Amino acid sequence: MRTGSPLLAAGRRAGRALAALIGLSACDLAPDYTPPQYVLPADYKGSGPFTVAQPRDNLPAGPWWEGFGDPLLNQLEQQLAAENPDLAVFAEEYIQARDLAAEARSQLFPQIGVSGSVTENKQSRNRLFRNPKSTVPLVEPSAVIQATATWEPDFWSSIRNSTKAQKRQAQASAAALAAAKLSLQAELAGDYISLRGLDSQDAVYRAAISYYEKAVDITKQRLQGRIASALDVARSQTQLAQTQALESGILASRALLEHAIAVIVGTNPSSFSIPVADQTHLTAPAVPVGLPSQLLERRPDVAAAERQMAAANAGIGVSRAAFYPNITISALAGFQDTGFNLASLPNSLWTVGASAVMPLFEGGLRRAELQRSWSAYAQTRDSYRATVLRAFQEVEDGLASTRHLQDQMQQQAAAVAQADQAQKLTLQLYVGGLTNYLDVVVAQETALTARIVEVQVQVSRLQASVTLISAVGGGWSATDLPGEDQVLPFGPLDYPKNLDQPHPDVGPDVIPAAVKQP
């Protein structure tokens, strides 16, 4: 029993030392992180016709643009997701952010390496302190093979906080990717709606040109019959030419929009075209905006700002850890021989040791880094607050626009009906000789303007729906954001088999799985 007591005592001491190491390793110097809590309203101020403010009544996940009922728009949106180069840039940034998180995590594990060397060495015969009568050979080979291992116990959680920060930055990058995708989808939908609006305006101008050509013929016939003056003919021809010029401007604007859409979907504008449609079949979908308390979970830009704030919080822990000793444990073992008889015990060598570095004076470097990390956290907190306020503003703008544009559409439709009636009656009075042609021109201009405004209001109404959908997140949810551990592209023991190709878990195919935004 006495012979076992020293072993038991040594075991207790080793156990206490291990417990102390574990306790030190659990020391996290980062502040407790809690996202800011805002007092949110119970409902939105706006009450547009598409607001359904019921709990859990959110915009359904999936291709939101299908609600507009245009097959070509659906095709273009799918092409955007596959071919847009700007979206691919954000995807690669997300992949790189994941790799940075894996790089930071690698410092938690021992760094193990193997080295070997074979050298032929010759000393100078007249080197310092050499006995001229020495029989030690001047030329001697050396063969060495050794393994090294270093490990930094993360006593102050510096490495873990660095890893947390990079993981959260990767999450922010994933949210930024989703936000960029939603923004591009909304931009494409808006451009497509504008293009179809120009098609409708062109149809209005072509109908007006046909009507004005008949008016020119009427004035010419009346001039030949000496019941009208040449001034009437000039006025009618002026009206016709001005309308033709306006139509040419519409065609030019349409060409520019077509080029912009081509770039968004990743196609050369020279080989891209969209067929003209005289009438648009786009319909404004219902947009349930849900409750204000749900908005922060449905906006990818808000999620990105919150993850950046969480990453900055972990950065404070890294700066705090710099005030404490940095301890590293290292080991080296191998064999050395003048020949190739390495694997023998007399040729073995080993070294085990530990080092500790404690900066004593650096001219305020660590304090400046700590203050900067606190300021960086405050900056991300203010950015998060600004993002939240902007999100609510965009939703309120969308609600107000959809409500007022709906009323404007009804009012403008009534104005078009009255203007068409006035135009028809004025031309009949002119043919009957009961009014002059100036009244006809005024009635024609009023009717044309009313029809163009009607088309523009319809386009604005559809674009307001796109804006509102984008403002409420386009069906995205914070549950689609990958977790902190999910952003890591591979495990610590996962080595690539083919260095000529990217790892299958970090290629572009991983993006739809990691970011489920449609």
Side-chain angles (χ1 to χ4, degrees), residues 38-61 64-70 73 178-179 182-198 200-201 280 282-303 305 383-416 449-477:
Y38 296 103
V39 178
L40 302 177
D43 202 351
Y44 292 102
K45 179 180 179 181
S47 56
F50 310 111
T51 303
V52 185
Q54 299 295 329
R56 310 309 303 171
D57 187 10
N58 297 333
L59 189 70
W64 53 265
W65 52 86
E66 292 181 354
F68 290 92
D70 192 298
L73 175 60
L182 176 59
S183 176
L184 288 169
Q185 290 169 342
E187 181 181 356
L188 173 59
D191 287 349
Y192 184 82
I193 291 171
S194 297
L195 184 139
R196 287 311 186 199
L198 292 178
S200 298
Q201 290 187 46
T280 178
L282 292 164
T283 57
V287 185
V289 299
L291 295 176
S293 59
Q294 300 168 342
L295 182 63
L296 303 187
E297 299 178 358
R298 295 163 54 191
R299 293 266 304 209
D301 56 340
V302 173
S383 177
Y384 175 73
R385 179 171 176 266
T387 304
V388 170
L389 292 175
R390 185 165 57 249
F392 279 99
Q393 177 193 356
E394 291 176 358
V395 173
E396 291 290 358
D397 289 347
L399 290 172
S401 296
T402 53
R403 180 184 62 183
H404 294 298
L405 287 171
Q406 179 71 16
D407 296 339
Q408 187 178 1
M409 281 181 57
Q410 297 174 355
Q411 295 162 353
Q412 190 62 32
V416 168
T449 301
R451 285 194 172 276
I452 294 300
V453 171
E454 182 183 34
V455 173
Q456 291 173 343
V457 172
Q458 291 173 349
V459 170
S460 297
R461 168 69 175 68
L462 292 169
Q463 289 179 334
S465 296
V466 174
T467 301
L468 183 57
I469 291 173
S470 178
V472 297
W476 188 86
S477 172

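The figures that follow rest on heavy atoms only: side chains count, while hydrogens, waters and symmetry mates do not. Just so you know, these numbers come straight off a predicted model, no measurement behind them.
Here the side chains of Val395 and Leu295 are in contact, with some heavy-atom distance below 4.5 Å. Residues Gln456 and Val453 meet the side-chain proximity criterion, which asks for heavy atoms closer than 4.5 Å. Between Val388 and Tyr38 the shortest side-chain heavy-atom distance falls below 4.5 Å. Using a 4.5 Å heavy-atom threshold, the side chains of Leu296 and Tyr384 count as touching.
Not counting sequence neighbours, the partners of Ser194 by the side-chain hydrogen bond (donor to acceptor under 3.5 Å, both in side chains) test are Gln463. Not a single salt bridge (charged side-chain N to carboxylate O under 4.0 Å, His left out) links Asp70 to another residue, sequence neighbours left out. Not a single salt bridge (charged side-chain N to carboxylate O under 4.0 Å, His left out) links Glu454 to another residue, sequence neighbours left out.
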**OP:** Report the C-alpha distance between Leu40 and Phe392 in whole Å, list the side-chain angles of each, state the deciding distance to 0.1 Å, and finish with yes or no for side-chain contact (heavy atoms from CB on, under 4.5 Å).
**Re:** CA-CA 10 Å; Leu40 302 177; Phe392 279 99; 3.7 Å; yes

**OP:** Could you please spell out the steps behind the side-chain contact (heavy atoms from CB on, under 4.5 Å) verdict for Val472 and Trp64?
**Re:** CA-CA 11 Å; Val472 297; Trp64 53 265; over 6 Å; no

Original post:
Do Phe68 and Ile193 pass the side-chain contact (heavy atoms from CB on, under 4.5 Å) test, and can you show the C-alpha distance, the side-chain angles, and the key distance before you say yes or no?
Top reply: CA-CA 10 Å; Phe68 290 92; Ile193 291 171; 4.1 Å; yes

**OP:** Check step by step if side-chain contact (heavy atoms from CB on, under 4.5 Å) holds for Leu291 and Tyr44.
**Re:** CA-CA 8 Å; Leu291 295 176; Tyr44 292 102; over 6 Å; no

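Looking only at distances, no side-chain donor or acceptor of Ser470 sits under 3.5 Å from a matching main-chain atom of Val466. Within the 3.5 Å criterion, the main-chain N or O of Val289 finds a donor-acceptor partner in the side chain of Arg298.
Here the closest non-hydrogen pair linking Pro300 and Ala178 is CB-CB, 3.9 Å. Nearest heavy-atom pair, Ser460 versus Leu405, reported as atom, atom and distance to 0.1 Å: O-CD1, 3.4 Å. Among all heavy-atom pairs drawn from Thr387 and Ala305, the shortest one is OG1-CB, 4.0 Å. Of all non-hydrogen atoms in Thr283 and Leu462, the two that sit nearest each other are C-CD2, 3.7 Å.
One finds the OG atom of Ser401 at 11.5 Å from the CD atom of Glu394 (value rounded to the nearest 0.5 Å). Taking CG from Leu182 and CD1 from Ile469, the interatomic distance works out to 9.5 Å, rounded to the nearest 0.5 Å. In this structure, the separation between CG on Leu468 and OG1 on Thr402 is 5.5 Å, given to the nearest 0.5 Å. A distance of 11.5 Å separates OG1 in Thr467 from CG in Leu399, rounded to the nearest 0.5 Å. To the nearest 0.5 Å, atom OG of residue Ser183 and atom CG of residue Leu188 are 11.0 Å apart. Taking CD of Gln408 as the reference point, atom CD of Gln458 lies at 11.0 Å (rounded to 0.5 Å).
Between the side chains of Arg461 and Ser465, at least one donor N or O sits under 3.5 Å from an acceptor N or O.
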